[in-house]
J.: 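Please read through the structure below; I'll follow up with questions.
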Amino acid sequence: MLDLLIHSIYTQKEIFLRELISNASDALDKRYYLTLSDENQSFDRDSFQIRLAADQQARTLTVADTGVGMTKEELESNLGTIARSGSLDFKESAEPAEGVDIIGQFGVGFYAAFMVAKTVTVRSRSANGGPAHEWRSEGPDGYTVKEIGDMEPGTEIVLLLKDNTEEEKYDEFLEAHRLSAIVKKYSDFIKYPIRMSRTRSRLKEGSESEYEDYTEDETLNSMVPIWRKNKNELTDEDYERFYTDKRFGFDKPLRHAHVTVDGAVSYTALLYIPEKAPFDFYTREYEKGLELYTSGVLIMQKCPDLLPDYFSFVKGLVDSADLSLNISREMLQHDRQLRLIAKRIQERVKSELLSMLKNDREKYAGFFESFGRQLKYGVYSDWGANKDVLQDLLLFSSSDGDKPVTLEEYAGRMKPEQKNIYYAAGDSVEKLKKLPQTELLSDKGIEILYFTDDVDEFAVKMLGAYQEKPFKNVSDGDLEVEGEPKAETAEEDKAMFSAMKEKLSGGVIDVRASARLKSHPCCLATEGGVSIEMEKVLSSMPGAAGVKAEKVLEINAGHAVFTALKAAYAEDEEKFSAYTRLLYNQALLIDGLSVEDPVAFANDICALF
């Protein structure tokens with residue numbers, strides 16, 4: 001059983017120190033509780049501490065506390081039985097008391113010491129009186145308990161470290177800077193001081209070159225986490241300093257939220273919305289997640305279950321004593337409390353973003369430039385399950401000015417007779433403004449959204465509509481514009497269009513006169529659910545190269561090229577073929593598609609001269 005604990009439950013050897021410190025903190029909490037409930041117990045807060053001491057020569061690491069201590073029976077019961085938690089028993093039996101926050105849960109944390117130690121010696125004396133005892137074990141072979149000389153109430157755990165191997169260097173746990181780093185990482189917010197004597201060097205008094213060593217006590221932990229302080233005592237600078245100290249990012253956070261919730265599940269959260277995306281944010285290597293603490297002890301550095309993917313940019317932490325953890329305290333059980341916290345965090349993040357959108361538009365626009373793509377992916381993913389959460393957070397460039405607009409703003413200024421929300425999709429706003437397909441809508445003063453991210457059109461396809469107004473691409477075959485002129489086609493023109501369709505041999509599903517063009521000679525329209533821009537995106541994905549938009553070549557019957565085209569159809573078959581190919585290739589180029597045969601395209605141009 002012990003061998004299983006050592007090699008299977010914990011993922012990192014450094015965890016042993018977190019577990020021993022957590023146990024020491026519990027022991028101090030128990031002693032504090034005794035001072036509240038037993039008038040014979042004295043309380044001196046300054047004496048409540050946890051001490052680390054490393055002896056490199058003896059290869060021992062000592063973790064000592066001035067907590068409640070243990071009797072011989074408690075040593076045998078708590079340490080002699082694997083997975084027996086004295087802290088849990090105490091927590092379940094004791095009356096709640098202010099300032100008492102027991103961490104221990106499973107009673108296996110102590111045995112993490114055997115990951116790094118070949119011998120563990122525990123010396124302890126109970127604060128309730130009685131002699132001190134020593135518990136000693138070399139692991140699977142059992143343990144011994146004996147009475148020892150007098151000592152102050154509390155517990156002292158001495159680890160004789162394992163010998164170094166080629167794979168493992170156990171000496172690292174005797175180095176002061178390494179111990180300090182582990183405490184800072186996992187136990188920085190234990191509410192009792194964790195102290196260690198450090199040897200330092202200084203100039204001898206009166207000397208300019210001679211140095212001397214001296215020893216001083218150093219407190220390794222900050223003890224009171226910022227999220228447990230009164231919000232009224234904290235400034236924006238305090239929150240920003242914590243963001244930097246925790247290395248959540250090298251930028252300055254745009255916004256923070258300090259949340260305290262009491263109820264079915266109690267927790268405190270400190271959430272940050274960053275200004276800039278990390279360099280790897282849109283890669284598979286990026287790990288989302290909030291830091292997870294229980295009673296100030298770090299359990300997980302990145303807990304992904306607390307954030308939906310579309311809010312994966314959020315940094316920060318959650319501290320809760322109510323979560324169910326697995327036996328190593330390194331992972332969460334998927335339970336109702338976790339889901340409830342995640343749901344409330346999602347609601348709070350959305351609330352913060354909406355507030356920034358409403359009250360600080362310029363700052364929100366900067367945020368959206370960094371993370372807007374992630375919100376759009378959130379709309380598209382999971383078959384649109386989260387579209388209602390995210391649709392009011394989206395911004396798009398628009399033909400109505402230089403600043404991006406929300407869907408609500410677009411819908412609010414739609415013309416009374418307008419049936420659809422119109423958009424154009426392509427590489428850049430500059431190119432989209434020049435698209436021939438937008439001429440009719442622009443002429444009628446209808447606003448057009450410009451989609452320049454490859455996910456944009458897929459996202460709105462998943463949205464379907466906003467405020468019951470469907471989305472429509474400016475290249476759709478039927479724009480459904482009120483009062484849209486109908487292109488009348490004479491019988492002889494129908495025959496010409498049919499001949500053009502035949503010559504383009506499958507490149508288009510139809511050729512017809514256009515009702516949307518004003519000054520341009522031709523353009524491509526599409527039928528069906530796949531647009532030209534979607535075809536371009538899908539063609540770059542493995543397994544989707546065969547997906548094609550059903551294209552229609554539209555010809556402007558009021559343009560001079562139409563007259564030339566009709567003349568060529570009546571008089572010169574070769575010239576008519578060249579005109580047909582040229583117009584088709586011209587339409588492809590306008591939409592950012594490549595021509596199939598650039599040499600033939602160049603020859604067709606030359607053939608007209």
Side-chain angles (χ1 to χ4, degrees), residues 396-400 410 414-451 456-457 460-461 469-490 493-494 496-498 500-501 504 507-536 549-566 579-580 582-593:
F396 297 103
S397 297
S398 157
S399 60
D400 191 52
Y410 180 102
M414 286 175 64
K415 295 184 175 301
E417 71 280 2
Q418 189 176 332
K419 299 177 182 177
N420 304 293
I421 297 172
Y422 293 98
Y423 68 87
D427 296 336
S428 68
V429 170
E430 290 71 25
K431 290 181 181 179
L432 294 176
K433 287 178 179 179
K434 300 173 184 176
L435 278 181
Q437 293 93 328
T438 64
E439 282 193 301
L440 174 65
L441 297 171
S442 298
D443 189 55
K444 289 184 171 292
I446 294 175
E447 184 176 0
I448 301 168
L449 298 177
Y450 295 137
F451 292 174
D456 285 346
E457 194 168 7
V460 299
K461 287 285 185 183
K469 298 289 186 180
F471 291 91
K472 183 168 280 291
N473 193 314
V474 297
S475 297
D476 280 358
D478 183 5
L479 288 177
E480 299 180 352
V481 175
E482 190 74 23
E484 177 183 2
K486 302 300 179 184
E488 300 295 334
T489 306
D493 293 339
K494 290 181 181 178
M496 180 183 72
F497 290 150
S498 180
M500 293 176 73
K501 175 184 173 182
L504 294 176
V508 296
I509 62 168
D510 200 7
V511 179
R512 65 190 179 210
S514 178
R516 77 185 80 209
L517 294 174
K518 299 290 183 179
S519 61
H520 294 271
C522 64
C523 73
L524 289 176
T526 56
E527 304 285 354
V530 179
S531 70
I532 290 171
E533 198 61 28
M534 292 173 74
E535 176 188 312
K536 288 192 284 186
E550 295 184 342
K551 303 178 188 70
V552 175
L553 179 61
E554 290 194 355
I555 308 296
N556 184 354
H559 197 279
V561 77
F562 184 71
T563 305
L565 183 65
K566 289 182 67 173
Y579 271 137
T580 298
L582 275 172
L583 289 170
Y584 173 62
N585 284 324
Q586 178 182 340
L588 288 175
L589 290 172
I590 288 171
D591 271 301
L593 298 169

J.: Are Met534 and Lys461 packed together at the side-chain level, in the sense that at least one heavy-atom pair is separated by less than 4.5 angstrom?
T.: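 The answer is yes, as the side chains (C-beta and beyond) meet within the 4.5 Å cut-off.
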J.: Listed by chain and number, what are the side chain to side chain contact (heavy atoms under 4.5 Å, CB included) partners of Leu582, not counting sequence neighbours?
T.: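 Here the qualifying residues are Phe601, Asp604, Ile605, Leu608.
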J.: Taking the side chain from Tyr422 and the backbone from Leu479, do they hold a donor-acceptor pair closer than 3.5 Å?
T.: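 Between the backbone of Leu479 and the side chain of Tyr422 there is a qualifying donor-acceptor contact (under 3.5 Å).
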J.: Under 3.5 Å, side-chain donor or acceptor atoms of residues 423-433 against the rest of the protein: list the pairs with distances, not counting sequence neighbours.
T.:
{"unit_1": "Tyr423", "atom_1": "OH", "unit_2": "Glu457", "atom_2": "OE2", "d": "2.7"}
{"unit_1": "Ser428", "atom_1": "OG", "unit_2": "Lys431", "atom_2": "N", "d": "3.3"}

J.: Does the Arg516 side chain pair with the main chain of Ala525, one donor and one acceptor, at a distance under 3.5 Å?
T.: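 Flag not set: sc Arg516 to bb Ala525 has no pair under 3.5 Å.
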J.: Could you tell me whether a side-chain N or O of Glu535 sits under 3.5 Å from a main-chain N or O of Ile532, the two making a donor and an acceptor?
T.: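 It does not hold such a pair.
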J.: Are any of the side-chain heavy atoms of Pro436 and Ile590 separated by less than 4.5 Å?
T.: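 Counting from C-beta outward, Pro436 and Ile590 do come under 4.5 Å.
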J.: Side-chain donor-acceptor pair under 3.5 Å between Ser398 and Glu447, yes or no?
T.: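 Distance-only check passes for Ser398 and Glu447.
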J.: Just wondering, do Met414 and Lys469 contact through their side chains at under 4.5 Å, heavy atoms?
T.: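 A side-chain contact exists here, since the closest heavy-atom pair is under 4.5 Å.
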J.: Considering only heavy atoms from C-beta outward, does the side chain of Phe471 approach that of Asn420 to under 4.5 Å?
T.: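 They are not in side-chain contact.
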J.: Any chance you could measure Ile555, atom CD1, to Tyr579, atom OH, to the nearest 0.5 Å?
T.: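 Here the interatomic distance stands at 12.5 Å.
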J.: Could you give the distance from CD (Glu417) to CD (Glu482), rounded to the nearest 0.5 Å?
T.: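 Between Glu417 CD and Glu482 CD, I get 6.5 Å after rounding to 0.5 Å.
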J.: Excluding sequence neighbours, so at least two apart, what forms side chain to side chain contact (heavy atoms under 4.5 Å, CB included) with Ser442?
T.: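 Expected list: Thr438, Ile448.
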J.: With sequence neighbours excluded, what pairs up with Glu527 under the side chain to side chain contact (heavy atoms under 4.5 Å, CB included) test?
T.: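 Glu527: side chain to side chain contact (heavy atoms under 4.5 Å, CB included) contacts with Ile509, Arg512, Glu550, Val552.
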J.: Tell me every residue that passes side-chain hydrogen bond (donor to acceptor under 3.5 Å, both in side chains) with Ser514, counting only those two or more places apart in sequence or in another chain.
T.: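 Once residues adjacent in sequence are excluded, the partners of Ser514 under the side-chain hydrogen bond (donor to acceptor under 3.5 Å, both in side chains) criterion are Glu554.
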J.: Calculate, to the nearest 0.5 Å, the distance between atoms NZ and OH belonging to Lys551 and Tyr584 respectively.
T.: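 The NZ atom of Lys551 sits 5.5 Å away from the OH atom of Tyr584.
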J.: Look only at the side chain of Gln437 and the backbone of Ser475, and say whether a donor-acceptor pair between them is shorter than 3.5 Å.
T.: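 Pair absent, no side-chain N/O of Gln437 close to backbone of Ser475.
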J.: Check the pair Thr526, Asn473 against side chain to side chain contact (heavy atoms under 4.5 Å, CB included), reporting the backbone distance first and the verdict last.
T.: CA-CA 9 Å; Thr526 56; Asn473 193 314; 5.7 Å; no
J.: Between Asn556 and His520 (side chain of the first, backbone of the second, donor and acceptor by atom type, cut-off under 3.5 Å), is there such a pair?
T.: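 The answer is yes, because a donor-acceptor pair under 3.5 Å joins these two groups.
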J.: For Leu593, does its backbone N or O pair with a side-chain atom of Asp591 as donor and acceptor, under 3.5 Å?
T.: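 Not a single qualifying donor-acceptor pair exists.
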J.: Quick check on the 6.0 Å ring-centre criterion: do Phe451 and Phe396 meet it?
T.: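 Between Phe451 and Phe396, the centre distance is under 6.0 Å.
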J.: State the SG-CG distance between Cys522 and Leu517, to the nearest 0.5 angstrom.
T.: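 Going from the SG atom of Cys522 to the CG atom of Leu517 covers 7.5 Å.
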J.: With rounding to the nearest 0.5 angstrom, report the CE to CG distance, Met500 to Leu583.
T.: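 Here the interatomic distance stands at 5.5 Å.
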J.: Does any part of the side chain of Ile446, heavy atoms only, come nearer than 4.5 Å to the side chain of Gln418, both counted from C-beta?
T.: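 Yes; the side chains approach each other to less than 4.5 Å.
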J.: Distance check, rounded to the nearest 0.5 Å: Lys501 atom NZ versus Thr580 atom OG1?
T.: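 One finds 14.0 Å between NZ of Lys501 and OG1 of Thr580.
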J.: Indicate the atoms forming the closest heavy-atom contact of Lys419 with Pro470, along with that distance.
T.: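 Here Lys419 and Pro470 meet closest at O-CD, 3.4 Å.
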J.: Going by side chain to side chain contact (heavy atoms under 4.5 Å, CB included), name the residues that satisfy it together with Asp493, two or more places apart in sequence or in a different chain.
T.: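 Counting only residues at least two positions away or on another chain, Asp493 forms a side chain to side chain contact (heavy atoms under 4.5 Å, CB included) with Thr489, Ala490, Phe497, Phe562, Lys566.
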